[in-house]
Each structure stands twice: as C-alpha cells, then as structure tokens.
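The structure presented is a predicted model; accordingly, all values stated were derived computationally and were not measured. The basis for the numbers below is simple: all heavy atoms, side chains too, and nothing from hydrogens, waters or symmetry mates.
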Amino acid sequence: LAITYHAGRRIQGTSTDATAVSGGWKELARTTLGSDGATISVTGLADKRYYMILIDSLNSGVVGHFGRLNGDSGGNYSRRRSEDGGSEQTNVNNVAMNYFGQDVSDGHAFTVGYLANKSDKEKLSITHSVWQNTAGAGNAPHRMEDFGKWNNTTDPISSYQVVNLANSNNFASGAECVVLGYDPDDTHTDNFWEELASVELSSAGTVLSSGTFTAKKYLWVQAFIDSSGGNVNDAFRCGNGSVDTGTNYSYRFSTNGGSDSTSTSQNDIGDFSNISNGQFINMFIINNASNEKLITCHINEGKTGAGTAPTRLELVGKWANTSDQINIVEWRNPASTNYSTKSIIKVWGHD
C-alpha cells in the first residue's frame, strides 16, 4: 500500500494507490484443517526476507500452541515470553521456537507474528497472541508476548508448523495458519492486505468512525487520534451495520509494562484518558462470524518534546458476538473534548 505522511502526522493513502503499488505483503501459502489434527503445517514457502504469520486457532479441548520451522524438532530453539503481563520466562535448547499460549475448553486463539529470514543468520521472531478464555463478555481474554530464535544459520525458512506439545488434544477442523512474505525488491501487485476504509475527520468531533466496509476474516486497523484542545479519552467499539453499544466487550491491558488490568462486560474497549499530543494505534482482529472476535492492539500515546517519553499500551480484547462479522469500527471520546481534523482511521482486510 502507498502511504504518505503529511503535516500534523496525518497518514494518507487511497484504494488507487493500493492497486498501483507493487511489493506489499503477499500470501505465500496457508493451511486450513479439514479435520481435527495435532499440527497445522504450512510448507513450500518461497524464500522471502520477512514473513508475517496469522494463526486462527480453533479447538475443542485444551491445547498448547507452539511454533516450529522447517520441521526441526530438535533442541535448536530459544525464546523469551511473558503471559498476561507477568514475569519474563526463558526457555533455551528447546524443541519449539514460539509459545502462543494455552487455550481452555472454549478454545479460540489468534496470533500475529513476524519472522526475519536470512539463511546465514539465526532466525528471529516476534509474536503477539490473544486467546479467548471462557466464552462471554464476563471473562477477559489472555495474552502472550513471545520473542524467539532458531539457531540455524545455513538454511532459509521453507515451512512453518503450529504444533500442540501440551497434551494429546487436537486443533479443531477449520483452524488455520496463513504465511505472508515480503522482500524489498518484490514487484508483484497481488497484495494480501486490501484497503477497506480510510476516513479522516472533516470537522472536529468525539467519534472517529470507519463507516461500514466489506467484512473480511482478518482485519488490520490503524488510527491516529489527535485532540482539538485539551485532553481526550478514547475507547474502541465495533459492530455489524452499526456499532454495538451494549455491554458485550472485555479486555486486558498493560500500561508502560506494568501489571495487567482487566475489565469485563463493558460497553467499549479501553476508555484510555488524558491524551493531548496524539496517539498512534495498531490493531489486528480475527473476524469469524461464529466466534467471539479477538483483538490484539498496541498503542503509543505521544508526549510533548524529546525530554518526555511516550506512554505505551499493550491490549487484548474481545467482542462477545458469535453471529456477525465486524464491518464497522470506531474510536470515541466518552468525554466532551473533540478529536481534531488531524485524526484518521484506516482498515485493511483479507479472507
């Protein structure tokens, strides 16, 4: 996608740009289970400099999600992780590169990961995961941050496997792993991420909405929120046709690496306050109609001047709807101060 940056940190791009520009994230391969199985294996990957991994995990019993490369089951991996904002845990000489968390019996999990792939260097990964916990808005989801490496320095990545190493249960039929690839010199135009919505506030207001867009299984949402004067709050909502204003949301978040806080049975996700110098939001959503919608999100709240560090927020949430796909999202200020016309929201998606 072609994105340009304008005065006031505005991000701008058009659907015309999206079709004309080459070399974005391209789908290399995916595996969707047609029956229950203990492994989701994506093979035959083209050698790309970078990979993006999307995992939509479904299961009918407790499973532990682990990632492997090139079928290597030896003790050639190490990783560092934190679950629900807890203390760091490290594993060395391990048989898997990543740990995405462990589903309970209502299991549904969503992982977004990135891999650096250079044949003569150790392969490094970053993954962020959210899993459902018990169904319903009365239960906050769980989250995992995992940084891993494969100590192979001779081979490019050719396959990625999601395996259950926790017990004998299986991933359910319909569970899926999608692998995207990117190289700086790519010239293709069949980019995976399709622009679905791009809205910039035309006048100051308390709601920044995408408007309705074509629903897709995977959603990527970015927003820049700016105040028209004074502090503003923001909170996320979504829906089908119109935003859901009921108490059907729950979430878990950490501010500046602190302990996690949870909120359940809420009428929005977030309500983060005292934003006065701009906020950048990066969010992914798994958007299956029949499953609760799982969200992973990172937020940078800007502060004035180089002498003040920004505030960071790490967030996972869910919309406890199991009948509709999301086709509208919004950020709103529950208080009275307006967002400025520098505020913009963009949505990309793919099935």
Side-chain angles (χ1 to χ4, degrees), residues 25 28-31 33 37-59 62-103 107 109-131 142-171 175-183 257 284 296 298 314 316:
W25 287 108
L28 302 180
R30 76 168 73 193
T31 295
L33 293 184
T39 302
I40 311 171
S41 185
V42 185
T43 60
L45 298 177
D47 182 3
K48 296 293 182 180
R49 190 67 176 84
Y50 305 100
Y51 297 100
M52 185 177 193
I53 313 293
L54 304 172
I55 303 170
D56 176 22
S57 173
L58 306 169
N59 58 280
V62 177
V63 297
H65 302 73
F66 294 83
R68 283 178 174 163
L69 298 176
N70 290 21
D72 184 355
S73 59
N76 299 312
Y77 307 91
S78 60
R79 61 181 186 268
R80 178 182 296 273
R81 59 189 171 90
S82 172
E83 182 175 343
D84 289 343
S87 59
E88 296 277 289
Q89 300 181 52
T90 59
N91 301 91
V92 298
N93 300 317
N94 210 264
V95 296
M97 183 177 193
N98 303 118
Y99 178 43
F100 308 129
Q102 185 160 296
D103 282 347
F110 178 48
T111 295
V112 179
Y114 302 91
L115 284 160
N117 176 44
K118 196 169 187 297
S119 61
D120 61 347
K121 298 293 183 181
E122 293 183 328
K123 315 307 183 286
L124 303 179
S125 72
I126 300 172
T127 62
H128 293 94
S129 304
V130 51
W131 64 100
H142 293 292
R143 70 185 183 97
M144 180 73 74
E145 300 172 278
D146 182 285
F147 290 66
K149 71 173 182 178
W150 182 38
N151 70 359
N152 180 297
T153 57
T154 57
D155 303 305
I157 296 169
S158 61
S159 68
Y160 191 87
Q161 294 82 33
V162 185
V163 294
N164 174 23
L165 301 179
N167 49 49
S168 60
N169 292 329
N170 287 326
F171 300 110
E176 180 174 77
C177 180
V178 182
V179 180
L180 314 181
Y182 173 79
D183 261 339
F284 290 90
T296 179
H298 292 83
E314 298 167 287
V316 296

For Leu165, enumerate each residue passing the side chain to side chain contact (heavy atoms under 4.5 Å, CB included) test, keeping only those at least two apart in sequence or located in another chain. Phe66, Arg68, Val95, Ala96, Val163
To check you understand the geometry: which heavy-atom pair defines the closest contact between His142 and Val316, and what is its length? O-CG2, 3.9 Å
At their closest point, which heavy atom of Leu69 faces which heavy atom of Trp150, and how far apart are they? CD1-CE3, 3.5 Å
Would you indicate whether the side-chain heavy atoms of Val179 and Ile53 approach each other to under 4.5 Å? yes
Tell me, please, which residues at least two apart from Arg143 pass side chain to side chain donor-acceptor pair (under 3.5 Å). Glu145, Asp260
Does the Tyr99 side chain pair with the main chain of Met144, one donor and one acceptor, at a distance under 3.5 Å? no
On a heavy-atom basis, which atom in Val42 and which in Cys177 lie closest, and how many Å separate them? CG2-O, 3.6 Å
Please report the interatomic distance CZ(Phe100) to NE2(His128), rounded to the nearest 0.5 Å. 12.0 Å
Which atom of Ser119 lies closest to which atom of Pro156, heavy atoms considered: CB-N, 3.8 Å
Please identify each residue that fulfils side chain to side chain contact (heavy atoms under 4.5 Å, CB included) with Ala38, with sequence neighbours left out. Asn170
Can you see whether Ser159 engages Thr43 through a side-chain donor-acceptor pair at a distance of less than 3.5 angstrom? no
Considering only heavy atoms from C-beta outward, does the side chain of Leu54 approach that of Val112 to under 4.5 Å? yes
What distance do Phe171 atom CZ and Asn164 atom CG have between them, rounded to the nearest 0.5 Å? 5.0 Å
For Ala109 versus Trp131, what's the shortest heavy-atom pair and its separation? CB-CB, 3.6 Å
If only atom types and distance count, is the side chain of Tyr182 paired as donor or acceptor with the main-chain N or O of Met52 below 3.5 Å? no
Output for pair (Asp72 CG, Lys123 NZ), nearest 0.5 Å, gives 10.5 Å
Between His65 and Ser57, does any side-chain donor sit less than 3.5 Å from a side-chain acceptor? yes
Please enumerate all residues that pass side chain to side chain donor-acceptor pair (under 3.5 Å) together with Asp47, with sequence neighbours excluded. Asn117
Check: Ile157 main-chain N/O paired with Lys48 side-chain donor or acceptor under 3.5 Å: no
Inter-residue atom distance His298.NE2 - Phe284.CZ, 0.5 Å rounding: 10.0 Å
Does the Asp183 side chain pair with the main chain of Arg49, one donor and one acceptor, at a distance under 3.5 Å? yes
Heavy-atom side-chain contact between Leu28 and Tyr51 under 4.5 Å: yes
Which value, rounded to the nearest 0.5 Å, describes the distance between Thr31 atom OG1 and Ile55 atom CD1? 11.5 Å
Please report the interatomic distance OG(Ser82) to CD(Glu314), rounded to the nearest 0.5 Å. 8.0 Å
Please list, chain by chain and in numerical order, all residues satisfying side chain to side chain donor-acceptor pair (under 3.5 Å) with Asn93, sequence neighbours excluded. none
Kindly say whether Gly71 contributes a backbone atom to a donor-acceptor pair with the side chain of Gln161 at under 3.5 angstrom? yes
Please confirm whether the backbone N or O of Arg81 pairs with a side-chain atom of Asp146, one donor and one acceptor, at under 3.5 Å? no
Are Asn152 and Asn76 packed together at the side-chain level, in the sense that at least one heavy-atom pair is separated by less than 4.5 angstrom? no
Which atom pair, heavy atoms only, marks the closest approach of Ile40 to Ala175? CD1-CB, 3.8 Å
Restricting to side chain to side chain donor-acceptor pair (under 3.5 Å), what partner residues turn up for Ser125, sequence neighbours left out? Asn98
